[in-house]
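As the structure lists them, so they are numbered: ligands from 1, and atoms in each ligand from 1. The figures here come from the full heavy-atom set of this structure, side chains too, leaving out hydrogens, waters and symmetry mates.
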Amino acid sequence: MTSVALTIDRIRTGTAAGSTCTPDLARQPWDAMLGYGPGASMGDVLPTGSPRQGGLPEQYRLASTDELHDRIRAAKATLGDRVVVLGHFYQRDEVVQHADFVGDSFQLANAAQTVPDAEAIVFCGVHFMAETADILAKPGQRVILPNLAAGCSMADMADLDSVEQCWAELEQLYGTEPDADGRVPVIPVTYMNSSAALKGFCGEHGGIVCTSSNAETVLEWAFERGQRVLFFPDQHLGRNTAKRMGVPTSRMPLWNPRKPLGGNDAGALLDARVLLWHGFCSVHKRFTVGQIEQARAEHPGVRVIVHPECPEAVVDAADEAGSTDHIRKAVAAATEPTTFAIGTEINMVNRLAAEFPQHTIFCLDPVICPCSTMYRIHPGYLAWVLEALVRGETLNRITVADDVAANARVALERMLAAKPRG
Ligand code: SF4
């Protein structure tokens with residue numbers, strides 16, 4: 001049994017003493033009408049109005065794992081090039097084994113473009129990823145999310161209404177006129193992990209999208225055009241990136257959407273270089289400096305690499321920080337047997353450990369909570385949507401309205417055009 005399956009089993013049998021993983025993980029995804037929201041930890045709040053997955057037919061709920069794998073393989077073989085299955089790095093192994101491409105959200109959206117004959121893109125990730133794939137899809141391609149309850153708690157922390165309210169308050173404070181250098185008062189920057197509506201907002205307001213791989217390049221682009229940046233939804237990626245670029249944390253106020261002026265006084269906002277939205281990833285916020293200290297004590301010489309969605313103190317204490325792609329490449333590039341302590345989602349860490357047996361690779365967090373919303377893509381849902389495609393039916397299609405998609409595409413294209421300096 002893998003360590004993820006072991007953790008889930010312990011939660012299910014009530015023997016996971018001290019675990020702070022959400023109990024949702026112990027249930028099969030179809031045992032509760034789950035919407036988006038909870039990530040990895042207890043206490044994550046489910047947003048109202050979040051889409052919910054309807055029932056999964058009994059034949060998929062009762063099927064054995066082996067039967068589901070056989071049915072998925074058979075459906076894929078029948079569909080051939082008409083379907084492409086995408087699996088995110090954080091997805092469970094039972095699903096990833098059926099993926100034609102494995103990667104981060106942006107790599108996967110692009111990978112789908114290399115299969116132009118695919119009429120259906122089955123995205124085994126979370127909702128915002130499927131939206132991005134739909135925005136970038138060719139005409140006639142349909143994007144399918146096998147379980148509609150697979151959302152992202154971070155993406156849910158910034159909604160369009162709250163961002164528009166924030167924007168109105170900032171316009172009131174800063175005005176809308178550019179300074180003598182032609183820089184507008186604020187440039188909105190959204191992380192890829194956000195709804196299509198927010199990508200559209202950025203496209204419409206002179207802003208841009210970033211990934212964890214290119215956040216620094218994108219912030220440079222934004223500072224050339226704006227006096228300051230409004231960064232959402234992940235405060236940690238924004239703070240860690242801007243800090244590395246020399247922006248003092250004292251000039252990065254946090255914007256709490258539930259408070260007037262985000263909970264700040266006007267003076268702090270006037271002095272701000274980066275306004276950070278009060279969002280975070282439930283998985284990456286679990287990593288701590290104490291875990292790094294423990295890893296260093298138990299494994300002298302260990303190389304600690306964490307994702308920039310981790311809190312500032314964790315990134316500062318690590319040897320390096322970078323995107324999932326950076327982490328993978330760093331491990332692959334190590335020529336000598338090395339001990340790595342990795343601060344990112346456990347499914348990816350386990351897969352790295354299996355792929356690079358010459359190294360010792362472990363997750364910094366000994367409690368090991370997987371991303372619980374990603375975990376809702378069970379092989380039963382994958383078999384269900386694939387067999388429907390064989391019958392000529394499209395289930396769980398994700399579509400982004402044309403006007404939103406047009407603006408979002410503008411923000412994504414700006415991101416692609418923003419190249420690192422030098
Ligand atoms: S790992 Fe975090 S950011 Fe990624 S999908 Fe899960 S909750 Fe969202």
### Message
Less than 4.5 Å apart, side chain to side chain, heavy atoms only: is that true for H88 and I377?
### Response
no
### Metal site atom 6 (Fe) of ligand 1: N/O/S of C371 inside 2.8 Å
yes
### Query
With a cut-off of 4.0 Å, which atoms of ligand 1 are near a heavy atom of N193?
3 (S)
### Pairwise salt bridge (Lys or Arg N to Asp or Glu O under 4.0 Å) hits with a residue in residues 396-418, at least two apart
none
### Summary
Closest to atom 4 (Fe) of ligand 1 (heavy atoms only, candidates F128, Y375, Y90) is Y90
### Message
If the cut-off is 2.8 Å, does any N/O/S atom of C281 fall short of it from atom 8 (Fe) of ligand 1?
### Response
no
### Task
With sequence neighbours excluded, tell me which residues meet side-chain hydrogen bond (donor to acceptor under 3.5 Å, both in side chains) with D100.
K76
#### Entry: Ion pair E320/R303, N-O distance below 4.0 Å
yes
